[in-house]
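In this text the structure is predicted, and so the values were computed from the model without any measurement.
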There are 2 protein chains.
Amino acid sequence: MQLYGYFRSSASYRVRIALALKGLSVTQVSKHLRLGEQLADDFRKLNPQAMVPVLVTDNGENLTQSLAIIEWLEETHPQPRLLPADPLQRARIRAFALSIACEIHPLQNLRVLKNLGSHGLDESARNQWAHDVNAQGLTNCETMLQGATTPFCFGNAPSLADICLVPQMFNARRFGVDTRKFVRLHAIEAQCLALDAFQSSAPERQADAE
Amino acid sequence: MQLYGYFRSSASYRVRIALALKGLSVTQVSKHLRLGEQLADDFRKLNPQAMVPVLVTDNGENLTQSLAIIEWLEETHPQPRLLPADPLQRARIRAFALSIACEIHPLQNLRVLKNLGSHGLDESARNQWAHDVNAQGLTNCETMLQGATTPFCFGNAPSLADICLVPQMFNARRFGVDTRKFVRLHAIEAQCLALDAFQSSAPERQADAE
């Protein structure tokens with residue numbers, strides 16, 4: 001399989017973690033988002049949305065959208081599980097993942113920050129915007145986990161929730177959020193970052209890291 | 001079951017459609033987003049994110065995030081299917097749904113438009129922002145379906161993709177997008193709106209419609 005991504009794209013980072021947790025190795029192809037490589041015609045043929053990640057399967061199918069890719073990995077390579085069997089627990093984990101993937105990440109990615117710039121927000125205002133989106137969103141995430149004491153977000157092993165959390169914590173720090181104030185999230189992140197799968201997927205460990 | 005929602009919330013609209021397609025009836029409770037009813041303490045106990053929809057199950061569990069709710073409905077009430085059995089087709093449908101739920105909807109909802117206002121964008125600029133997000137996002141959606149000729153997004157019956165598409169088309173028109181230019185999406189929307197489940201879920205048919 002091939003994964004088109006970018007070291008600092010947190011959606012790519014999610015897929016890297018999922019692949020690593022499942023012990024799947026892929027060829028990684030970097031698309032430099034700041035240089036706009038994802039906008040080139042050849043890449044648009046892979047993904048008309050001109051976004052990373054794209055996973056090209058062994059059958060040559062192009063899969064897009066990180067959560068859809070991870071659900072596909074879960075269905076085609078079930079072990080180790082990233083979602084438990086119980087529907088209620090699956091719903092809780094997906095809701096946590098979506099609260100990051102829908103409510104935080106899209107509001108602070110490069111494309112939106114550029115768009116805010118074209119609407120007159122200077123760099124300081126854009127960074128404040130991204131800071132606030134992360135701080136508020138992670139506050140919600142912390143609240144969603146209130147009362148639980150498991151090492152990972154939802155249990156004793158990493159799930160789709162942890163896969164979304166760790167890249168968002170990385171992003172939040174980039175925008176100056178003090179993530180240590182999220183006591184539960186911070187402890188979970190430490191548990192995750194002790195695992196090889198999370199370490200090897202980290203942005204700074206990628207070949208295209210700057 | 002109880003569904004906390006708002007007639008014009010497109011995430012609530014998605015869940016209404018899914019429930020109706022599966023023939024499930026629920027008690028609906030309206031939370032008036034413009035009046036900020038979702039911010040009240042009693043509602044935050046149901047959902048710390050202070051967002052609709054929330055589905056309260058027969059066991060008193062509160063489920064949040066529309067796509068997580070719909071996946072839970074699919075797992076607990078499998079018929080009629082909103083996702084086919086084939087993992088590849090499931091990935092395509094989820095990617096289409098997520099391209100709306102992550103790339104369009106969060107960037108043009110009331111919360112974000114208010115936030116843009118507090119960063120100095122006047123009403124005209126905010127509406128232009130929401131127009132552009134919808135127009136660009138739906139252009140991507142149209143491209144994702146290129147070459148297909150099925151009556152619905154991915155086949156002969158509505159799926160999670162159609163459930164996300166129809167509310168977004170409704171939103172796009174609110175912001176002045178001429179949705180007829182998306183020939184394929186427009187035809188699919190017409191197929192959907194011919195079905196009772198989509199008709200009864202429409203914003204203007206809800207008790208809290210203004």
ask   = Measuring from A:N59:CG to B:L88:CG, what's the distance to the nearest 0.5 Å?
value = 8.0 Å
request  = Could you tell me whether B:E75 and A:R90 have a side-chain N and a carboxylate O separated by less than 4.0 Å?
outcome  = yes
query = Of the non-hydrogen atoms in B:L98 and A:Q65, which two are nearest, and what is the gap between them?
reply = CB-OE1, 3.6 Å
inquiry  = Testing the basics here: between B:C102 and A:A101, what is the closest heavy-atom pair and its distance to 0.1 Å?
reply    = SG-O, 3.5 Å
message = For a quick test of reading the model, state the closest non-hydrogen atom pair linking A:A68 to B:A91 and the distance between them.
response = CB-O, 3.7 Å
Give every donor-acceptor pair under 3.5 Å between a side-chain atom in residues 16-23 of chain A and any protein atom, sequence neighbours left out.
from	atom 1	to	atom 2	distance (Å)
A:R16	NE	A:S201	O	2.9
A:R16	NH1	A:Y6	O	3.4
A:R16	NH2	A:F7	O	3.0
A:R16	NH2	A:S201	O	3.0
A:K22	NZ	A:E74	OE1	2.9
A:K22	NZ	A:H77	O	2.7
A:K22	NZ	A:P80	O	2.9

Proximal to chain A - members of residues 105-137 of chain B, heavy-atom separation under 4.5 Å = B:P106, B:L107, B:R111, B:V112, B:N115, B:L116, B:H119, B:L121, B:A125, B:W129, B:Q136
note = Under 4.5 Å to a heavy atom of chain B? For A:R44 that would be neither
inquiry  = Under 4.5 Å from any heavy atom of chain B, what part of A:S99 do you find: side chain, backbone, both or neither?
reply    = both
request  = Considering non-hydrogen atoms only, spot the tightest contact between A:T64 and B:M144 and give its length.
outcome  = OG1-CE, 4.3 Å
request  = List in chain and number order the residues that pass salt bridge (charged side-chain N to carboxylate O under 4.0 Å, His left out) with B:R180, two or more places apart in sequence or in another chain; answer none if no residue qualifies.
outcome  = B:D178
message = If we define contacts as heavy-atom pairs under 4.5 Å, which of A:L63, A:I69, A:N140, A:T143 has the most with chain B?
response = A:N140
ask   = How would you list, by chain and number, every residue that makes a salt bridge (charged side-chain N to carboxylate O under 4.0 Å, His left out) with A:R173, sequence neighbours excluded?
value = A:E189
ask   = Between A:P87 and B:W72, which heavy-atom pair has the shortest distance, and what is it?
value = O-CD1, 3.4 Å
